[in-house]
Asker: 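Dropping a structure here in structure tokens format, bear with me for questions.
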Amino acid sequence: MSTNFNWESCRMSEEINELVRQRIEKIDQYRRSGINPYPPRYRRTHTTEEARGVFREDEKPKVSIAGRLRSKRVMGKASFAHLEDQSGQMQLYARRDDMGEESYELFKSLDLGDVIGVEGFVFKTKQGEISVHVEGLTLLAKCIRPLPSVKEKDGRLFDEFADREMRYRQRYVDLIVTPKTRQDFIMRSRIITGIREYLTRRGYIEVETPMMQAIPGGAAARPFITHHNALDIDLYLRIAPELYLKRLVVGGFEKVFELNRNFRNEGISTRHNPEFTMLELYEAYADYETMMHIAEDMISKLARELLGSMSLEYQGSKIDLTPPWKRASFVDLIREYSGLDFSTIASVEEARRVAESIGVKTTDKMNLWEIAGEVFDEKVEASLVQPVFVTDYPRELSPLSKSREDNPDFVERFEIFIAGREMSNAFSELNDPFDQKARFEEQVRKREAGDDEAQMMDYDYINALEYGMPPAGGMGIGIDRLVMLFVNTASIKDTILFPLLRPEGK
RNA sequence: GAGUCGCUAGCUCAGUCGGUAGAGCAACUGCCUUUUAAGCAGUGGGUCCGGAGUUCGAUUCUCCGGCGACUCACCA
């Protein structure tokens, strides 16, 4: 009968505001007049988009549609409103004389945000808007909290929901009132689906490897630690799936990919979220050249299919994804943008001196190539707006990549930069267990010297390589950053539905 | 972790050179049977992020704290 609303307990949890109180009182009124404000189901026959499709000039096709009330214009004994479902909006036209006094009173009592079902016929108003002439109305879920009162005309939003913190914390509200938010996450979904289709069609199989790992390998990053009670062991949330995927290549899965979350216990910024989505793929009997082809082919095709063009606008820059993408070596790019030529620098001391001379900060622990990496990050990265494969990384920065045959100080590796950001990292996979063990030992030395991002020794991974891994190419692509590019957002938070925020106090 | 900026009604924002605050939208009450950022008339709504200090008096000034945005650091 009545709502049995416990005002006392509500007051305990928070101060109740007038708007919420009014709406809860409406629920009581509905119940008194036999209306269930939260009925169990509603059978709709059409989405709003489908309903628009059945419009005929000289017919009155009947439809039942359902969705959220987004606007309401009551003009005495007739009213207009807009109902929104996932497919779009539909104007409603309600007339007292056509739906009866009781039903029309219910209509007038609706609040913006209420979820309703409507039966009626599709027609076109004098102003030319296809609408549903309401004959029956069902309340499906009362919205007791007021929505931000965003209005819209000709695609322009007025008083849009602008509080970023609220938009991230209450993403459900943001999704209701901000069309771009909905569109961007639909685009994200399409990109991910497109990648799965592309790779599957190419003969790849999708696999899932451990998120909880005893040895967090495959990348240079600080991990999250957790604990398993029954086994009484500490585990790490994975920083990359790489070493497990390559175990599968050893096992005979020749084309595998995984498209899922990685976790890195590091800072949060417009480009970093502690959990983020990564595509990693490995192909036996391929190499980093194969990966270049896949990257430029897949990403440019996604753009063409999903954006309708291989060139796009990102934060004021025109970016052309049409293949082939430029290739340039790590050392050449540093020379081009900083004037420093690391191919002729012989000592760490010299490297430190010239780097400092152009304003790049170094530390005592850095070796020559780490200093070069720092110069690259400082002086080169931001300038790489158009897609470019940066190739020929130094071996010291690449503990999992295969060395070049012609110069073992460098490896068969590339990173893709677009819009000044690293999008991808790929290489010909190191499959020599002796070399890999030596690289791990080098990492362990760095770790013992205090570098907590250096990698840990993984004997089982060496063991796997000792069974023989076919030569293979592998690549990782940061999905969140790729989505940023496609939907033109400045912050990674706008591509992650629920980005990590500090919990609200109290 | 550091710096800058922000936090005022449900939302978007004004404002107070220190005297407990306003607008638009949303809400409520009327009027209005093809409107669409509907319109007209009226009404209600605030711990001005929290705490301390200075002051006769703090939303405003100072300090401490909270959360966020941005930049940097960190980070591939």
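Order of the sequence lines sets the chain letters (A, B, ...), proteins ahead of strands, with each chain counted from 1.
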Asker: Take atom CZ of A:R73 and atom C1' of B:A38, then tell me their distance rounded to the nearest Å.
Answerer: 7 Å

Asker: Identify which nucleotide among B:C67, B:U36, B:C11 has an atom closest to any side-chain atom of A:T125, counting heavy atoms from C-beta outward.
Answerer: B:U36

Asker: Thinking salt bridges, do A:E441 and A:R445 make one under a 4.0 Å N-O criterion?
Answerer: no

Asker: Indicate whether any N or O donor in one side chain lies under 3.5 Å from an N or O acceptor in the other, for A:H82 and A:E129.
Answerer: yes

Asker: Rounded to whole angstrom units, what separation is found between the CD atom of A:E152 and the P atom of B:U12?
Answerer: 18 Å

Asker: Determine the contact category for A:Y93: base if any of its heavy atoms lies under 4.0 Å from a base atom, sugar-phosphate if only primed atoms, P, OP1 or OP2 are that close, otherwise nothing.
Answerer: base

Asker: Classify A:D163 by what it touches in the nucleic acid, base, sugar-phosphate, or nothing, heavy-atom distance under 4.0 Å.
Answerer: sugar-phosphate

Asker: Between N or O atoms, less than 3.5 Å apart, protein on one side and nucleotides 22-26 of chain B on the other: list the pairs.
Answerer:
| residue | atom | partner | partner atom | Å |
| --- | --- | --- | --- | --- |
| B:C25 | O3' | A:K151 | NZ | 3.2 |
| B:C25 | O2' | A:S149 | OG | 3.2 |
| B:C25 | O2 | A:S149 | OG | 2.7 |
| B:A26 | OP1 | A:K151 | NZ | 2.9 |

Asker: Have a look at A:R264 and say if it touches a base, only the backbone sugar-phosphate, or nothing, with a 4.0 Å heavy-atom cut-off.
Answerer: sugar-phosphate

Asker: Using the P atom on both, measure B:C40 against B:G46 and round to a whole Å.
Answerer: 26 Å

Asker: Tell me: CD of A:E105 to P of B:U29, nearest whole Å?
Answerer: 10 Å

Asker: Measure from CD1 on A:I492 to P on B:C75 and round the result to the nearest Å.
Answerer: 17 Å

Asker: Counting only side-chain nitrogens and oxygens, does A:K493 get under 4.0 Å of the OP1 or OP2 atom of B:G68?
Answerer: no

Asker: With rounding to whole Å, what would you report as the distance between B:G51 and B:A73 at their C1' atoms?
Answerer: 30 Å

Asker: Answer yes if the side chains of A:S131 and A:Q91 hold a donor-acceptor pair under 3.5 Å, and no otherwise.
Answerer: yes

Asker: Pick one: which of A:W369, A:F330, A:Y393 meets ring-ring contact (aromatic ring centres under 6.0 Å, His included) with A:F410?
Answerer: A:W369

Asker: Which whole-number value in Å describes the distance from A:R502 CZ to B:G68 C1'?
Answerer: 11 Å

Asker: Round to the nearest Å and state the distance from A:E415 atom CD to B:C75 atom C1'.
Answerer: 12 Å

Asker: Mind checking if A:R421 touches a base, just sugar-phosphate, or nothing, with heavy atoms under 4.0 Å?
Answerer: nothing

Asker: For atom CZ of A:R182, decide whether the heavy atoms of other residues, nucleotides or ligands shown that lie under 6.0 angstrom number more than 12.
Answerer: yes

Asker: Rounded to the Å, how far apart are A:F80 CZ and B:A37 P?
Answerer: 13 Å

Asker: Whenever both distances are under 3.5 Å in a Watson-Crick or G-U wobble pair, mark it; put RNA chain B into dot-bracket that way, with [ ] for crossing pairs and | when the partner is on another strand.
Answerer: (((((((..((((.....[..)))).(((((.......))))).....(((((..]....))))))))))))....

Asker: Quick check for you: to the nearest 0.5 Å, what is the distance between A:D494 atom CG and A:F185 atom CZ?
Answerer: 7.0 Å

Asker: Using a heavy-atom cut-off of 4.0 Å across all strands, would you classify A:Q127 as base, sugar-phosphate, or nothing?
Answerer: base

Asker: For B:G50 versus B:A37, give the span between their P atoms, rounded off to a whole number of Å.
Answerer: 38 Å

Asker: Answer yes if the side chains of A:N488 and A:Q315 hold a donor-acceptor pair under 3.5 Å, and no otherwise.
Answerer: yes

Asker: Touch check for A:Q170, heavy atoms < 4.0 angstrom, all strands: base, sugar-phosphate only, or nothing?
Answerer: nothing

Asker: Are A:R188 and A:T277 linked by a side-chain donor-acceptor pair shorter than 3.5 Å?
Answerer: yes

Asker: Between the side chains of A:R352 and A:E356, is the shortest nitrogen-to-carboxylate-oxygen separation below 4.0 Å, so that they form an ion pair?
Answerer: no

Asker: Of all the nucleotides listed (B:C13, B:C74, B:G10), which has the minimum atom distance to the side chain of A:N17?
Answerer: B:G10

Asker: Less than 4.0 angstrom from a charged side-chain N to a carboxylate O is my criterion; do A:D111 and A:K26 meet it?
Answerer: yes

Asker: B:U34 C1' sits how many Å from A:M75 CE, rounded?
Answerer: 6 Å

Asker: Nearest-nucleotide wise, let me know which of A:K153 and A:T270 is further upstream toward the 5' end of RNA chain B.
Answerer: A:K153

Asker: Between A:S398 and A:S71, just flag the one whose closest nucleotide in RNA chain B comes earlier from the 5' side.
Answerer: A:S71

Asker: Can you identify which nucleotide, out of B:U35, B:C74, B:A27, has its nearest atom closest to the A:Q91 side chain?
Answerer: B:U35

Asker: Hey, is A:D392 close enough to A:R404 for a salt bridge, meaning N to O under 4.0 Å?
Answerer: yes

